[in-house]
2 protein chains.
Amino acid sequence: MPNTKKTPKNIRSKGRPRCFDRDKALFAALEVFWQRGYEPASISELCKAMGINAPSLYATFGNKAKLFLEAATFYEETYWDAPGKKFMAEPDIYKAIGDFFAESARILLSPDTPCGCMVVLAAVNISEDAQEIADAIRQLRLATKDMFAARIRQGIEDGQLPQDTDVASMAGAFNAMLEGLSIQARDGLSQSQLEKVAQYAIHILPDKIV
Amino acid sequence: MPNTKKTPKNIRSKGRPRCFDRDKALFAALEVFWQRGYEPASISELCKAMGINAPSLYATFGNKAKLFLEAATFYEETYWDAPGKKFMAEPDIYKAIGDFFAESARILLSPDTPCGCMVVLAAVNISEDAQEIADAIRQLRLATKDMFAARIRQGIEDGQLPQDTDVASMAGAFNAMLEGLSIQARDGLSQSQLEKVAQYAIHILPDKIV
DNA sequence: AGATTTTTGTAGCATCTGCCACAAAATTAT
DNA sequence: ATAATTTTGTGGCAGATGCTACAAAAATCT
């Protein structure tokens, strides 16, 4: 039975040791999926980027779908966990939104990675027999919207937003803004331009009463 | 030489007449591309939807790429030409934005068509050897942003917006909002929810001085 | 040393893809 | 009628896809 365990590698007792780094291979796969999307990323391209052959890929990650989902989770943890926590922890909701969208613009156009958010862009054009992939990634997008909603509710509780704020709609507006930024990032906007666009997210909040 | 002409059909003199309606077939293809995206829409599925066989498709439309581009043009003309013209003609920019985004939400979730905008969603995950498709569709997205920019400039000229308005950034913000709406439309938001979200686009404008 | 276990690379499977060759069919021109 | 022209459906090509069978290789366990 092949060893599909993640880091730290399980305590092996017998067998030929794996001769590549599972995490590095996962990250290489992530970059391919991120840039191309789920279906255009072929197993052969993935193998090339990961520096392994197909049987090693399948023994280690199961299949293409599982590899993609693991890469997506890895992506979220690596790039969005910290900004998300900071966003939830910042007590001033105006600063929370401003900072989060500023940092988002930076992440979406980081020179070291593909442009735009993998969760938004990598599973849009999906054939019928891979809907499980589309559904799983959609859940991640909905989780982001839920994060916005939770922070808005906190803002209401803190007296920074009106009691009658329509939480779902406002969360949807922030989510639309963020998702739209990904598309513009991929469409070639400059980092400085994207940051300026992102700052319009603050306007979704009611005017701050100083 | 096959007849690839569009409607009205060119004056035929000889040859077996085509036994399907070119425009209806194009519309059927549009719906498949719209729902699935460029690459997941297979020739066989397109043929089934269009009610013709592959040789007829190729004789009439050239190849898959040309069919897609023609469908995309047809899409824009059919669904967005009128709202765009109304948007540009409305003298009050606040009403122009409000009406345009309200109507957009309706179009993006029309019960008779796939959810979301074809221009935003149908050419996201594209393999390397079909970049011409991605580029062409990107141009359509940029044209929408240019439309926003032109309307904003008009608003400045009309004294409805400050002289120092950053046109490019504000146009980018409207564009991000609109593109984000497409993703949320596909993610299952209800029509009434999407309309509420869309109305936050007005907040991108400075507060109206009544 | 020998048995056991796991990973490795080669090589190839079945299936799907976009596309087209070909001949029969259906029309108009002479 | 016959020739000319265009569209039709059948059938299939070359190449790519996700995935796997298989045996050699490399480690540990007894």
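Protein chains get the first letters and strands the later ones, always in sequence-line order, with residue 1 at the start of each. Only this structure's heavy atoms are used, side chains among them; waters, hydrogens and symmetry mates stay out. Since the model is a prediction, treat every value here as computed from it, not as a measurement.
The distance from atom CD of B:E45 to atom P of C:dG18 is 10 Å, rounded to the nearest whole Å. When the C1' atom of D:dC19 is taken as reference, atom CG of A:N53 falls 13 Å away, rounded to whole Å. For the pair B:K48 NZ and C:dG18 P, the interatomic distance rounds to 12 Å; values are reported in whole Å. Summarising the geometry, the separation between CZ on A:R16 and P on C:dG9 is reported as 7 Å, rounded to the nearest angstrom. When rounded to the nearest whole Å, the span between CD of A:E39 and C1' of D:dG18 equals 11 Å. Taking atom CZ on B:F61 and atom C1' on C:dC20, their separation rounds to 18 Å, with Å as the unit. In this entry the distance linking CZ of A:R36 with P of D:dT17 reads 11 Å, nearest Å. Whole-Å rounding puts the A:K14 NZ to C:dT8 P distance at 19 Å.
An OP1 or OP2 oxygen of D:dT7 is reached within less than 4.0 angstrom by no side-chain nitrogen or oxygen of B:S56. Proximity of B:K64 to the phosphate of C:dG18: a side-chain N or O atom is located under 4.0 Å from OP1 or OP2. Applying the 4.0 Å criterion to OP1 and OP2 of D:dT20, one finds that A:Y58 has every side-chain N and O outside that range.
Ring-plane geometry between A:F100 and A:F87 is classed as tilted, the angle between the planes lying from 30 to 60 degrees on a 0 to 90 degree scale. Note: B:Y200 and B:H203 have perpendicular aromatic rings, judged against thresholds of 30 and 60 degrees for the angle between ring planes.
The only option from A:L108, A:L109, A:L189 that meets the side chain to side chain contact (heavy atoms under 4.5 Å, CB included) definition with A:Q184 turns out to be A:L189.
In summary, A:R151 and A:E90 do not engage in a salt bridge, as defined by a charged side-chain N under 4.0 Å from a carboxylate O.
Comparing D:dC19, C:dA24, C:dC20 by their closest approach to the side chain of B:A54 singles out C:dC20.
The residue A:A65 sits apart from the nucleic acid: no heavy atom pair falls under 4.0 Å. Counting any heavy atom pair closer than 4.0 Å across all strands shown, B:A41 reaches sugar-phosphate atoms only and no base atom.
Both A:I43 and A:P55 lie near DNA chain D, and the one whose nearest nucleotide falls closer to the 5' end is A:I43.
Without hydrogens or angle criteria, B:W34 side chain to B:L121 main chain gives no donor-acceptor distance under 3.5 Å.
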